[in-house]
A.B. asks: 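Dropping the structure in here first, questions after.
One is the number of the first residue; the rest follow in order along the sequence. Counting convention: from 1, in listed order, for ligands and their atoms alike.
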Amino acid sequence: MKSYEVFKTGIEEGDFRIIARALTLVENDLEPAAALLKNMKIKYEVPVIGITGPPGAGKSTLVNAITGELVSKGHKIAILAVDPTSPFNFGSLLGDRIRMAQQFNNPNVFIRSIATRGALGGISVKTLEMVDLLRAANFDLILVETVGVGQSEVEIAGLADQTVVVLVPESGDEIQNIKSGLMEIAQAFVVNKADREGADTFANNLKKLVHEQHQQIPIFKTVADKNEGIAALCKWLLKGNKQLNERKTLLMAEKAFRIIQHQRMLDIDKTKLREAVNEALLDSNFNIYRFVDSWIKHS
Ligand SMILES: Nc1nc2c(ncn2[C@@H]2O[C@H](COP(=O)(O)OP(=O)(O)OP(=O)(O)O)[C@@H](O)[C@H]2O)c(=O)[nH]1
Ligand SMILES: [Mg+2]
């Protein structure tokens, strides 16, 4: 039996322990992660929903509420919390655990947090791979929570089939961002903390904006910590609004580009690079462009 096969089978059977171990392998580029990724059956029909929005908008609370609703309807859910606001602040992770406490011991809910960011501060390739791994298991839906600041459309959209942007009545600044980008990311908006003052005004302004731009993006109002508005949102999530093929190709190509980029970089041994630079610098005619050119040709 090949070494990845135990993982492949365990993942397909939905064995949480094996899924967790396989995710760790993928996260750290450890054997047999590469073989596993190449041989597993990635079920692209499993909906992956991105939940993004500014820090503190209530994303985790919302994920918890959505999960509660879907599990009660018999669904099996995976949650990936990417880069919690303060990765080094234990409190934040602990907070997420408390907010998702109801789901932690549920045999139909798998939860994993990852605090890795890509080299350029974006969603890392690891996250894309981890989502694909979860697609190979037997979940009915995968929820990915990310803090939505400064992510580009392709980046965030390539991660999920549908992205829900969570805003709060105080999101005045984000309204500006909506004009310059959020509209392209969002397949739905959630105005969370609808129990707060200004929620209706905010939601109406958002509606106007969406309408002005001739977009068909639904807007949901929720009070996540009181489970209000969750059923309507879940109904929409389960509808599985299929992406247009053209867009699918674009996003898949973008994802392939990022994986290629990552694979190419894996070949670069930084210690060796430093040694070579050290040596090359002895030449008074050192030119970094010629150096890089020759490094690429000879490594
Ligand atoms: N009033 C009110 N408070 C809420 C609501 N939803 C969440 N909260 C509270 O808002 C705070 C932040 O909620 P989180 O779910 O941690 O927000 P988050 O977006 O996941 O935060 P980060 O992951 O740190 O970016 C918590 O204290 C929640 O209890 C809501 O609908 N109404
Ligand atoms: Mg959170």
A.B. asks: Residue-level breakdown please: for Lys226 versus ligand 1, do any non-hydrogen atoms fall below 4.0 Å on the side chain, on the backbone, on both, or on neither?
C.D. replies: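 Neither part.
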
A.B. asks: Say whether Ala194, considering both its backbone and side-chain N or O atoms, lies within less than 3.5 Å of an N or O atom on ligand 1.
C.D. replies: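 No, no N or O pair falls under 3.5 Å.
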
A.B. asks: Would you mind running through ligand 1 and noting each atom that sits below 4.0 Å from a heavy atom of Pro55?
C.D. replies: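 Those qualifying, in numeric order: 25 (O).
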
A.B. asks: For ligand 1, is Glu228 a contact, meaning one of its heavy atoms is under 4.0 Å away?
C.D. replies: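 In this structure, Glu228 fails to qualify as a contact of ligand 1 - no heavy atom is under 4.0 Å.
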
A.B. asks: What is the distance from atom CG of Leu25 to atom OH of Tyr4, rounded to the nearest 0.5 Å?
C.D. replies: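 The CG atom of Leu25 sits 14.5 Å away from the OH atom of Tyr4.
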
A.B. asks: Might you work through the side-chain hydrogen bond (donor to acceptor under 3.5 Å, both in side chains) test for Thr222 and Glu228, ending with a clear yes or no?
C.D. replies: CA-CA 5 Å; Thr222 59; Glu228 286 173 30; over 6 Å; no

A.B. asks: Have a look at Val190, Val82, Asp225 and point out the one with the heavy atom closest to atom 30 (C) of ligand 1.
C.D. replies: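 That would be Asp225.
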
A.B. asks: Have a look at ligand 1 and work out which part of Asp195, if any, has a heavy atom under 4.0 Å from it: side chain, backbone, both or neither.
C.D. replies: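 Side chain only.
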
A.B. asks: Using a 4.0 Å cut-off to any heavy atom of Ser60, which atoms of ligand 1 qualify?
C.D. replies: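 What qualifies from ligand 1 is 15 (O), 18 (P), 20 (O).
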
A.B. asks: Would you please say whether a donor-acceptor pair under 3.5 Å links the side chains of Ser60 and Glu145?
C.D. replies: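 A pair is found: one side chain offers a donor N or O, the other an acceptor, under 3.5 Å apart.
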
A.B. asks: How long is the straight-line distance from NZ of Lys76 back to CG of Asn138, given to the nearest 0.5 Å?
C.D. replies: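 That separation rounds to 5.0 Å.
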
A.B. asks: With respect to Gly56, determine whether any N or O atom, backbone or side chain, lies less than 3.5 Å from an N or O atom of ligand 1.
C.D. replies: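 Checking ligand 1 against Gly56, an N or O pair does fall under 3.5 Å apart.
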
A.B. asks: For Phe110 and Phe16, take the angle between the two ring planes, folded into 0 to 90°, and tell me which bin it lands in: parallel under 30, tilted 30 to 60, perpendicular over 60.
C.D. replies: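 The rings of Phe110 and Phe16 stand perpendicular, inter-plane angle above 60°.
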
A.B. asks: Find, among atoms of Glu145 that are N, O or S, the one nearest to the Mg ion (ligand 2), and state its name.
C.D. replies: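 Considering only N, O and S atoms, Glu145 comes nearest to the Mg ion (ligand 2) through OE2.
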
A.B. asks: Thinking salt bridges, do Glu254 and Arg258 make one under a 4.0 Å N-O criterion?
C.D. replies: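 Judged by the 4.0 Å cut-off on N to carboxylate O distance, Glu254 and Arg258 do not form a salt bridge.
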
A.B. asks: Would you check if the Mg ion (ligand 2) lies under 2.8 Å from any N, O or S atom of Thr61?
C.D. replies: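 So Thr61 does not count as coordinating the Mg ion (ligand 2).
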
A.B. asks: Would you mind checking if Arg290 and Asp293 are paired as a salt bridge, meaning a charged N to carboxylate O distance below 4.0 Å?
C.D. replies: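 Looking at Asp293 and Arg290, the cut-off is not met.
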
